[in-house]
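Below is one structure, written out as structure tokens; the observations come after it.
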2 protein chains.
Amino acid sequence: MAATDRKPKTLAHYPRPSVAVDTAVLTVADGQLCVGVLRDPRSARLRLPGTFLHEGETLADAVRRSLREKAGIEGVEPAQLHVFDAPGRDSRGWVLSVAHVAVVPATGLRELQPRAVTEAMGLDFDHDEIVRLAVSLLRADYAEHPDPARLLPEPFTVTALREVHDAVAGERLLPDSFRRRMLPMLRRTGELQRGGVGKPAALYRRTTTS
Amino acid sequence: MAATDRKPKTLAHYPRPSVAVDTAVLTVADGQLCVGVLRDPRSARLRLPGTFLHEGETLADAVRRSLREKAGIEGVEPAQLHVFDAPGRDSRGWVLSVAHVAVVPATGLRELQPRAVTEAMGLDFDHDEIVRLAVSLLRADYAEHPDPARLLPEPFTVTALREVHDAVAGERLLPDSFRRRMLPMLRRTGELQRGGVGKPAALYRRTTTS
DNA sequence: AGAATAGTGTCTGTGAGACAGTATGGT
DNA sequence: ACCATACTGTCTCACAGACACTATTCT
């Protein structure tokens, strides 16, 4: 935007930090909210996937590159959480870490190991805190909207939707209230879920105004 | 935390970005939510106060330093908002900007010029967006708790509290609902506000569990 | 027919919006 | 006495929790 600016030298006068991205990759598997971790080959401790920011790269691109290279994960849309800036948090030097969260479908963790987020995670660095932030952001999203991260393929039944929300919330939601709160944000397809026991359930899609 | 790590050279191999902090300093003056701006001496455009992060300094310390040096503001507790990372957003080079928000009492803007946030701000860089984020965070806070930023000196009347909340929300809140929602989070001092017209109002303090 | 799941109707409690009415000071 | 402001009581409406009841399929 600014046009009349010319003193590129001043920037180089400051020492600059390395900037890393670390990402909590969340998913729902077996009715449990899980985060993908990997074992650091050097320290042998569990941690979240991350990388250093390259020149000319956005933070979101760095996240996508780290997930592609370290876990074979493609096509995520990361969201920023927080910058961790404590001096001395990384023994290798001055490093700022920008924590991110990404959500993938159940089979999408690839080479990451799933860990249920209910456990005390025991991850390296401040990665436990990153998981906490990621989970609370996701829960706030799911409290308001039907499956905003699109974990569930459309069309789906209200029960299937509630089971995903149960897993994210970490508790059983009340079926009646859940249905009443979600129905205004869903659109009936007219089709029914066939093949199960009991009355067949109506199938829905998310309304575009999610 | 990690102990057995020795390869300090690898960090230096990457080009590193300059990291800046930019801060929306919010306050309430004349019943209006205002943000403190200053005129950039070089570009002559309005912008938020900011600075580059120094080595060994936390982001919060950089924010405090920038506010002290550029505006004479002391003793704020900044909160992080977002990292702006678009390559080319700063013509001087590769700069990440970590947006912050800080709240000061009515007289606390010092050398910054107050601008009501209802206006289309027209600030430099992405500073309009920073103000938007700062305001929505503050509004979310005030919707839940009585004057969480402690703009109002204790003790105060419910009416004075509501006027601050009115200013933050940018609209007149309903006196009845506001009183009923806030009273459980307030503690009566027993004193009364004397000297005004009409029935004297009870004085309250925030409960410690804010 | 009976089991199982989907979906509806309704009662109750809570809290917001609305507004009338009461209390208590100043002038 | 009157006015201005603080505060209370209450009606209505909307929505969550709870739960009984109906609907529709499979076995």
Side-chain angles (χ1 to χ4, degrees), chain A residues 30-31 139-148 152-207 209-210, chain B residues 30-31 139-148 152-207 209-210:
Chain A
D30 299 322
R139 284 183 176 159
D141 257 20
Y142 271 74
E144 295 296 320
H145 298 288
D147 191 26
L152 209 56
E154 294 183 319
F156 47 76
T157 66
V158 173
T159 300
L161 181 66
R162 180 170 45 75
E163 280 164 356
V164 170
H165 280 247
D166 279 357
V168 169
E171 59 177 350
R172 299 202 76 79
L173 303 173
L174 297 168
D176 296 353
S177 302
F178 181 81
R179 164 182 295 274
R180 271 184 301 191
R181 208 151 36 76
M182 288 299 159
L183 274 187
M185 294 181 280
L186 298 177
R187 195 163 39 88
R188 281 191 80 134
T189 64
E191 303 158 291
L192 297 180
Q193 172 88 288
R194 315 307 296 244
V197 194
K199 177 173 174 179
L203 289 168
Y204 294 86
R205 296 178 185 278
R206 304 174 194 87
T207 51
T209 63
S210 90
Chain B
D30 300 323
R139 286 183 175 160
D141 258 19
Y142 271 72
E144 296 297 320
H145 298 289
D147 190 26
L152 208 56
E154 294 182 321
F156 47 75
T157 66
V158 174
T159 300
L161 181 66
R162 180 170 45 75
E163 280 164 357
V164 170
H165 280 249
D166 278 357
V168 170
E171 58 178 349
R172 299 202 76 79
L173 303 174
L174 297 168
D176 296 354
S177 302
F178 180 80
R179 164 181 296 273
R180 271 183 301 191
R181 207 150 37 75
M182 288 300 160
L183 273 188
M185 295 180 280
L186 297 177
R187 195 164 40 86
R188 281 191 80 133
T189 64
E191 303 158 291
L192 297 180
Q193 172 89 290
R194 315 307 296 244
V197 194
K199 178 174 173 177
L203 289 168
Y204 294 86
R205 297 178 185 277
R206 303 174 194 88
T207 51
T209 63
S210 90

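Convention: sequence-line order gives letters A, B, ...; per-chain numbering from 1.
- Residue-environment remark: CZ (Arg172(B)) stays at or below the threshold of 12 foreign heavy atoms within 6.0 Å.
- Residue pairs satisfying the ring-ring contact (aromatic ring centres under 6.0 Å, His included) criterion with at least one member in residues 172-202 of chain B, sequence neighbours excluded, are listed as follows: His165(B)-Phe178(B).
- Atom P of nucleotide dA6(C) and atom CD of Glu191(A) are separated by 17 Å, given to the nearest angstrom.
- Remark: side-chain polar atoms of Arg181(B) are paired, donor with acceptor, to backbone N or O of Ala143(B) under 3.5 angstrom.
- Evaluation of the side-chain hydrogen bond (donor to acceptor under 3.5 Å, both in side chains) rule for Thr189(A) yields Glu191(A) as partners, not counting sequence neighbours.
- Residue contacts shown for Gly195(B) are absent, as no nucleic acid heavy atom lies under 4.0 Å away.
- Residues Arg139(A) and Val168(A) are in side-chain contact: their nearest non-hydrogen atoms beyond the backbone lie under 4.5 Å apart.
- Atom-to-atom, CZ of Arg194(B) to C1' of dG25(C) comes out at 7 Å; the value is rounded to the nearest Å.
- When atom types are taken as modelled, the side chain of Arg205(A) and the backbone of Arg188(A) share no donor-acceptor pair closer than 3.5 angstrom.
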Annotated protein contacts, base or backbone, on nucleotides 2-17 of chain D with a non-hydrogen cut-off under 4.0 Å, one of B, S, - each = --BBBS--B-----SB
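- For the segment residues 163-173 of chain A, the set of residues with a heavy atom within less than 4.0 Å of an atom of DNA chain C is empty.
- Evaluation of the side-chain hydrogen bond (donor to acceptor under 3.5 Å, both in side chains) rule for Tyr204(B) yields no partner, not counting sequence neighbours.
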In a table with atom names and distances, give each donor-acceptor pair under 3.5 Å that connects a side chain of residues 192-199 of chain A to protein atoms at least two apart or in another chain.
none

